[in-house]
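Just below is one structure, and these are the notes that go with it.
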2 protein chains.
Amino acid sequence: MRLKEGNKEKDIIEASITVFAEHGYHKAKISKIAEVANVAIGSVYVYYKNKEDLLYKIFDNLWEKLYLEYKKLSENTYLSPAEKLDSMIDIFFDIFTENPSLAIVFVNEQNHLMLNGQFQFTEFYAKFLTQAELVVQEGVDKNIFADNVDIDIFRFFVFGAIRNLLQQWALDQKNFPLNKLRQNVKYLTKKGILK
Amino acid sequence: MRLKEGNKEKDIIEASITVFAEHGYHKAKISKIAEVANVAIGSVYVYYKNKEDLLYKIFDNLWEKLYLEYKKLSENTYLSPAEKLDSMIDIFFDIFTENPSLAIVFVNEQNHLMLNGQFQFTEFYAKFLTQAELVVQEGVDKNIFADNVDIDIFRFFVFGAIRNLLQQWALDQKNFPLNKLRQNVKYLTKKGILK
DNA sequence: CTCATTTGTGAATGTTGATTCAAAAATAGT
DNA sequence: ACTATTTTTGAATCAACATTCACAAATGAG
């Protein structure tokens with residue numbers, strides 16, 4: 001037997017997030033990822049099937065985390081739907097707080113991955129969306145949320161808005177501080193721009 | 001002298017929109033674009049410098065059109081800021097109504113282009129953003145729009161929301177009819193989800 | 001110390017597809 | 001019908017880079 005030195009699998013995926021964020025998936029070179037991970041090129045292929053597998057694993061981890069948090073939240077019976085909506089927004093921002101590179105990869109490469117049929121897109125993404133839907137539906141049922149708004153549209157509306165703001169934050173943390181973003185998103189989502 | 005046959009320049013850029021939309025920029029092959037445009041591979045390089053130039057020209061045309069429409073709108077003195085906001089949303093949706101492929105390219109490749117410093121990003125994009133800002137600022141000044149919302153954040157918020165919805169529409173026109181999208185976006189942007 | 005097994009390596013391979021360019025085709029003027 | 005000019009062509013070129021694989025290194029068991 002031989003023990004693994006350190007945790008190359010983790011080093012590699014973390015390096016890939018950094019490199020994908022900096023250059024974009026397509027211009028990112030495996031050789032660069034290996035260099036950043038402090039690992040030989042061949043080692044990348046020991047732990048991952050190929051370049052796309054790296055991207056896939058990044059998103060799979062991300063959606064799993066988000067799904068689990070949303071599930072916990074939507075099953076909570078003490079919070080009102082409006083409070084849950086706020087929490088969902090917080091969770092989303094929180095997960096990227098520690099890792100701007102992950103935010104950039106998330107924003108830029110999500111579509112890319114979805115169009116490529118070679119993976120059935122991570123189950124966790126669908127599960128995540130369902131949890132979000134439950135919360136909004138609960139709000140409509142309890143007569144707190146407007147019922148002339150299509151739930152599906154609302155979901156994509158908020159999701160797209162946050163995604164775009166996250167990207168701005170990742171590109172320019174100074175001018176888009178997360179706390180201000182959160183606060184504004186929560187307000188706009190609930191009350192809109194009209195006085 | 002020899003006259004040009006038809007309008008290859010236009011045929012090529014239109015073909016490129018179709019092909020970029022179907023396969024994404026990176027997997028789109030010049031040979032496929034030439035085939036769709038009914039043109040030899042070499043002709044693509046007669047009219048465009050390289051592959052990226054095609055993408056750049058697509059966006060340049062798009063942002064110019066949007067900028068000009070927004071300019072006309074923001075200079076209008078008969079409409080209230082709230083009406084202008086509605087019109088801005090309409091203009092955005094309208095421009096893609098005739099061309100779902102353009103919507104897909106717009107949504108998927110915008111970032112890609114912005115990260116690549118080799119073009120200073122089309123002047124029209126910046127101009128477009130400025131016009132949008134003027135309208136929102138007018139609403140705040142006239143005490144119609146909430147003043148606790150950051151204008152810049154609001155802009156990216158709405159922009160991201162629409163972008164994401166457009167993509168859903170482009171991928172699945174049946175379940176996301178444009179009229180319903182417009183209506184919901186206008187409502188949410190102004191009043192939010194709370195009853 | 002040896003051997004067997006697992007882990008790690010990176011030069012060499014192979015494919016893919018953007019780009020080039022020398023030649024052909026089309027047209028207009030004379 | 002001949003020439004000059006412009007437009008079109010696509011096979012050949014070439015570079016980039018993901019992936020492979022034969023080998024080396026490390027470790028623990030006996």
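All heavy atoms count here, side chains included; hydrogens, waters and symmetry mates do not. Per chain, numbering begins at 1; letters A, B, ... match sequence-line order. This is a predicted model, so every value here is computed, not measured.
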Give one of base, sugar-phosphate or nothing for B:Val46, where a contact means two heavy atoms less than 4.0 Å apart. base
How sharply is the helix from C:dC1-D:dG30 to C:dT30-D:dA1 bent, taking the axes over five pairs at either end and rounding to 10 degrees? 10°
B:Tyr25 (side chain) donor-acceptor with B:Glu52 (main chain) under 3.5 angstrom: yes
Rounded to the nearest 0.5 angstrom, the NE2-CD1 distance for A:His23 and A:Ile33 is 9.5 Å
Using atom [atom1] of [X] as one end and atom [atom2] of [N] as the other, report the distance to the nearest whole Å.
{"X": "A:Glu35", "N": "D:dC17", "atom1": "CD", "atom2": "C1'", "result": "15 Å"}
{"X": "A:His23", "N": "D:dA16", "atom1": "NE2", "atom2": "P", "result": "16 Å"}
{"X": "A:Lys8", "N": "D:dA25", "atom1": "NZ", "atom2": "C1'", "result": "12 Å"}
{"X": "A:Asp11", "N": "C:dG8", "atom1": "CG", "atom2": "P", "result": "10 Å"}
{"X": "A:Asn38", "N": "C:dG8", "atom1": "CG", "atom2": "C1'", "result": "13 Å"}
{"X": "A:Tyr47", "N": "D:dT19", "atom1": "OH", "atom2": "C1'", "result": "18 Å"}
{"X": "B:Glu9", "N": "D:dT8", "atom1": "CD", "atom2": "P", "result": "11 Å"}

Looking only at the side chains, is there a donor atom on one of B:Asn179 and B:Gln183 sitting less than 3.5 Å from an acceptor on the other? no
Salt bridge check, B:Asp11 against B:Lys8: does any charged N sit closer than 4.0 Å to a carboxylate O? no
Any carboxylate oxygen within less than 4.0 angstrom of a Lys/Arg side-chain nitrogen, looking at A:Lys65 and A:Asp60? no
Side-chain contact check for A:Ser43: nearest option of C:dG8, D:dT7, D:dT9 is C:dG8
Which residues pass the salt bridge (charged side-chain N to carboxylate O under 4.0 Å, His left out) test with B:Glu98, sequence neighbours left out? none
Less than 3.5 Å apart, which donor and acceptor atoms pair up between the side chains of residues 15-22 of chain A and the rest of the protein, not counting sequence neighbours?
residue, atom, partner, partner atom, Å
A:Ser16, OG, A:Ile13, O, 2.7
A:Thr18, OG1, A:Glu14, O, 3.2

Hits for ring-ring contact (aromatic ring centres under 6.0 Å, His included) against B:Tyr48, two or more places apart or cross-chain, chain-then-number order -> none
Donor-acceptor contacts under 3.5 Å from residues 166-175 of chain A side chains, at least two apart:
residue, atom, partner, partner atom, Å
A:Gln167, OE1, B:Asn111, ND2, 3.1
A:Gln167, NE2, A:Asn108, OD1, 3.0
A:Asp172, OD1, A:Asn175, N, 3.3
A:Asp172, OD2, A:Asn175, ND2, 3.0

Spell out protein contact along nucleotides 13-19 of chain C as letters: B when the base is contacted, S when just the sugar-phosphate is, - when no protein heavy atom is under 4.0 Å; keep the 5' to 3' order. ----SSB
